[in-house]
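Below is one structure, written out as structure tokens; comments come after it.
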Amino acid sequence: MSTPTPGCPDFDDILGQIGEFGRFQRRNYLLICLPVLFAAANSLSYVFTAGSPTYRCQVPACDNLEAPVYGADWVSAAVPGTWNKQGHFTPVTCERFVANVSTVQSKPVEWCSAENFTTETERCKQFVYGTSEQTIVQQWGLQCPENLWKLAFVGTMHFAGLVVGTALSGYLADRFGRKHVFLICIVFMAVTGVAQALSWNYTSFLVFALLNAVGTSGVYPLAFIIGVEMVGPRKREMCSIVLNYFYAVGEALLGLAVFLPDWRHLQMALSLPPLLCVAYFWLVPESVRWLLARNRREQAGVIIRRAAKVNRRDISAELMANFKEQELSGIALTELEASAAPVELKDDQIWRAVKEVFGSHILLARYAIMLLVWAVNAIVYYGLSLNATNLSGNKYLNFALVCLVEIPGYSIAWFCLRRLGRRLALSGSLLLCSVTCVASGFVTLGANWLIVTLFLIGKLGITSSFAVIYTFTAEMMPTVIRSGGVGVMSTFARFGAMLAPFVPLLSSYYEPLPLLLFGATSLVAGILSLLLPETFHQKLPDTVEEAIALGK
């Protein structure tokens with residue numbers, strides 16, 4: 001496990017001299033936030049690209065074949081369906097009533113009514129769509145209930161890609177550096193997103209959806225790690241919360257799909273701009289904390305001096321002399337080690353730290369609780385997010401609102417992080433979500449406004465929890481495995497997210513059961529989180545020993 005070299009200044013002490021969040025950090029922080037906009041949009045783009053548009057069977061005897069109208073007055077007579085309490089008729093997708101040949105032939109077409117049709121139904125192969133929306137449903141003939149699993153499977157492939165990508169990017173970032181893996185993830189996300197837009201069949205779309213998720217999954221976690229590691233203790237929560245603002249806005253940008261109804265155009269618009277981030281190779285520096293943990297003091301010193309210059313701050317002569325001495329000894333040590341076993345040395349620090357973690361009952365108990373909290377967050381967060389388009393009203397507006405409500409959720413998290421600390425902020429957010437989910441399962445009979453209100457409050461609560469848990473987890477992990485540790489937690493959460501699409505099926509047994517399940521799991525996670533140590537205004541642990549000492 002990596003331990004600081006005796007006499008080597010702590011980076012938090014250095015930040016105290018060069019500025020915790022000066023011009024240098026602000027510029028770089030903005031740069032790492034911009035790709036998060038597109039990562040967020042790519043992470044949920046399949047909701048629209050692989051979504052099922054509104055459609056019904058074409059009725060040749062009644063429809064104007066040149067310009068058919070989805071909601072024509074006669075539709076309820078020609079197509080089976082359901083009426084809601086407001087008197088709105090929703091036709092089924094792939095069946096229509098069999099036409100009564102004698103009446104259809106003896107009366108004008110515009111007179112279509114119930115007497116024109118029998119009570120028997122038949123399948124159809126031609127459809128009338130309610131909007132101009134074009135998804136893979138029309139592209140590859142995925143209409144009707146028997147193809148719904150193919151649309152759902154796109155989400156499964158997406159989450160599978162997130163699982164692979166999150167774990168892989170976290171490990172690679174700890175071994176090869178935050179910056180390079182961050183850039184690779186951005187470019188890979190962009191390239192596979194473009195390939196997804198150019199898919200030639202359903203199978204190729206699935207493959208590129210999986211690969212796109214692999215790239216997308218690394219962008220936000222690595223941006224978060226880079227952001228947290230470049231600032232001082234008093235600015236960590238601010239950096240983590242503002243990054244989440246960018247993520248929420250990126251998700252809400254998908255609501256603009258109303259102006260890009262063709263799924264290929266939408267996916268292309270989300271994938272091409274991130275290619276400009278190739279310039280980050282020259283613009284964004286490596287994490288100084290990672291460089292110091294790897295004994296690369298020469299590179300760290302260059303970045304520190306540049307930051308001090310941009311921030312217009314002076315570093316004390318004593319600190320610079322101390323740092324220069326360590327820098328020179330570090331160069332000699334690095335050359336000696338590199339000639340012996342460079343790959344082994346890189347891996348040794350990580351695996352030694354992992355072994356020490358598994359040897360500590362305290363850390364194992366803490367991280368087990370965190371794994372559970374992460375999984376609950378993912379199940380509830382994605383369960384509510386994916387159902388946003390099922391709310392009554394304009395689905396694009398609803399989706400944007402459900403995403404934008406995350407901003408006040410993140411703001412509440414920010415306020416609570418500063419006033420209540422990490423532990424109470426996490427527990428309180430989960431309990432808020434628990435109460436609203438349980439309430440919406442029992443008190444929303446026939447009250448649409450109350451359904452939407454409780455839905456948004458529940459999303460606000462789980463969003464606040466997600467924001468807090470990233471900061472909390474990063475502050476409990478030692479530097480040498482911080483990125484990988486957050487990656488493992490996030491990966492475990494993705495497994496939870498894979499269950500989210502199946503939870504609504506429980507309503508067939510008992511209608512409020514999905515929301516009650518969300519509420520119960522949030523309650524358990526909220527109570528268990530009170531057992532975790534408080535990390536507010538604590539120094540980021542560099543070693544496993546320092547991580548164990550948190551809260552003591």
(request) Mind telling me whether Tyr129 and Tyr55 have parallel, tilted or perpendicular rings, with 30° and 60° as the class edges? (result) tilted
(message) Regarding Thr471 and Glu475, do their side chains bring together a donor and an acceptor under 3.5 Å, going by distance alone?
(response) no
(request) Any chance you could measure Ile226, atom CD1, to Arg178, atom CZ, to the nearest 0.5 Å? (result) 8.0 Å
(message) To the nearest 0.5 Å, what is the distance between CZ on Phe176 and CG on Leu172?
(response) 6.0 Å
(message) Keeping Thr121 on the side-chain end and Phe97 on the backbone end, is there a donor-acceptor pair under 3.5 Å?
(response) no
(message) Less than 3.5 Å apart, any donor N or O on the side chain of Ser45 or Gln267 sitting next to an acceptor on the other?
(response) yes
(request) Would you mind reporting whether Phe518 and Ile462 have side-chain heavy atoms less than 4.5 Å apart? (result) no
(request) Return the minimal non-hydrogen interatomic distance between Gly461 and Leu432, and the atom names on each side. (result) CA-CD2, 4.0 Å
(message) Among Trp140, Phe48, Tyr46, exactly one meets ring pair (Phe, Tyr, Trp, His ring centres under 6.0 Å) together with Trp263. Which residue is that?
(response) Trp140
(message) Using every non-hydrogen atom in the two residues, find where Pro221 and Ser217 come nearest and quote the distance to one decimal.
(response) CD-O, 3.0 Å
(request) Flag the pair Val402 / Leu456 as yes when at least one side-chain heavy-atom distance between them is below 4.5 Å, and no otherwise. (result) yes
(message) Under the criterion side-chain contact (heavy atoms from CB on, under 4.5 Å), I'd like the reasoning laid out for Phe188 against Ser169: C-alpha separation, chi angles, the key distance, then a yes or no.
(response) CA-CA 12 Å; Phe188 192 70; Ser169 62; over 6 Å; no
(message) Keeping Asn377 on the side-chain end and Val373 on the backbone end, is there a donor-acceptor pair under 3.5 Å?
(response) yes
(message) Working note: Phe21 + Met238, criterion side-chain contact (heavy atoms from CB on, under 4.5 Å); need CA distance, chi angles, decisive distance, verdict.
(response) CA-CA 10 Å; Phe21 195 63; Met238 180 274 293; 3.5 Å; yes
(request) State, yes or no, whether a side-chain contact exists between Glu286 and His180 at a heavy-atom distance under 4.5 Å. (result) yes
(request) Find the distance between CG (Leu417) and OH (Tyr410) and round it off to the nearest 0.5 Å. (result) 12.5 Å
(request) Quick one: do Val486 and Ile225 satisfy side-chain contact (heavy atoms from CB on, under 4.5 Å)? Show the steps, please. (result) CA-CA 9 Å; Val486 174; Ile225 293 296; 4.0 Å; yes
(request) Could you check if a side-chain atom of Val380 sits within less than 4.5 angstrom of a side-chain atom of Cys433, using non-hydrogen atoms only? (result) yes
(request) Give a yes or no on whether the ring-centroid distance for Tyr470 and Trp374 is below 6.0 angstrom. (result) yes
(message) Can you confirm whether Leu275 sits close enough to Val191 that some side-chain heavy atom of one is under 4.5 Å from a side-chain heavy atom of the other?
(response) yes
(request) Please report the shortest heavy-atom distance between Tyr245 and Ser411, naming the atom on each side. (result) OH-OG, 2.6 Å
(message) When you measure from the side chain of Asp63 to the backbone of Pro68, do you find a donor-acceptor pair of N or O atoms at a distance under 3.5 Å?
(response) no
(message) Checking the side chain of Lys459 only, and the main-chain atoms of Cys403 only, is there a donor and an acceptor separated by less than 3.5 Å?
(response) no
(message) Check whether Gln138 reaches the backbone of Thr135 with its side chain - one donor and one acceptor, N or O, closer than 3.5 Å.
(response) yes
(message) State whether cysteine residues Cys57 and Cys124 meet the disulfide criterion of an SG-SG distance below 2.5 Å.
(response) yes
(request) Kindly compute the distance separating CD (Glu133) from OG (Ser52), expressed to the nearest 0.5 Å. (result) 8.5 Å
(request) Check the side chains of Ser465 and Tyr381 for a donor-acceptor pair under 3.5 angstrom, ignoring hydrogens and angles. (result) no
(message) In the structure I gave you, are the side-chain heavy atoms of Phe127 and Cys144 within less than 4.5 Å of one another anywhere?
(response) yes
(request) Hey, could you give me the CE/CG distance between Met268 and Asp262, rounded to the nearest 0.5 Å? (result) 10.0 Å
(request) Would you confirm whether Arg56, through its side chain, and Pro80, through its main-chain N or O, come within 3.5 Å as a donor-acceptor pair? (result) no
(request) Count the heavy atoms belonging to other residues, nucleotides or ligands that lie under 6.0 Å from CZ of Arg418, then report whether that count exceeds 12. (result) no
(message) Once rounded to the nearest 0.5 Å, what's the spacing between atom CZ of Arg123 and atom CD of Glu146?
(response) 4.5 Å
(message) Restricting to non-hydrogen atoms, name the atom on Arg27 and the atom on Leu283 that form the minimum distance, rounded to 0.1 Å.
(response) NH2-O, 3.7 Å
(message) When you compare the side chains of Tyr70 and Thr131, does any donor N or O come within less than 3.5 Å of an acceptor on the partner?
(response) no
(message) Between Asn201 (side chain only) and Ser204 (backbone N and O only), is there a donor and an acceptor less than 3.5 Å apart?
(response) yes
(request) Determine, step by step, whether Leu430 and Leu523 satisfy the side-chain contact (heavy atoms from CB on, under 4.5 Å) criterion, reporting the C-alpha distance in whole Å, the side-chain angles of both residues, the deciding distance to 0.1 Å, and the verdict. (result) CA-CA 7 Å; Leu430 287 166; Leu523 176 64; over 6 Å; no
(message) Consider side chain to side chain contact (heavy atoms under 4.5 Å, CB included). Of Leu243, Val284, Val231, which one does Tyr29 pass it with?
(response) Leu243
(message) Can you confirm whether Val278 sits close enough to Leu183 that some side-chain heavy atom of one is under 4.5 Å from a side-chain heavy atom of the other?
(response) no
(message) Could you report the tightest heavy-atom contact between Leu460 and Pro408, atom names first, then the distance?
(response) CD1-CB, 4.1 Å
(request) With the side chain counted from C-beta on, respond yes when Val154 and Tyr202 share a heavy-atom pair under 4.5 Å apart, and no when they do not. (result) yes
(request) May I ask you to decide if Leu517's main-chain N or O and Thr521's side chain share a donor-acceptor pair within less than 3.5 Å? (result) yes
(message) If we ignore hydrogens and angles and just use 3.5 Å, is the side chain of His158 paired with the main-chain N or O of Ala209 as donor and acceptor?
(response) no
(request) Keeping the roles fixed (side chain from Arg96, backbone from Ala78), state whether a donor-acceptor pair exists under 3.5 Å. (result) no
(request) Heavy atoms only: give me the nearest Thr216-Ala39 pair and the separation to one decimal. (result) CG2-O, 3.2 Å
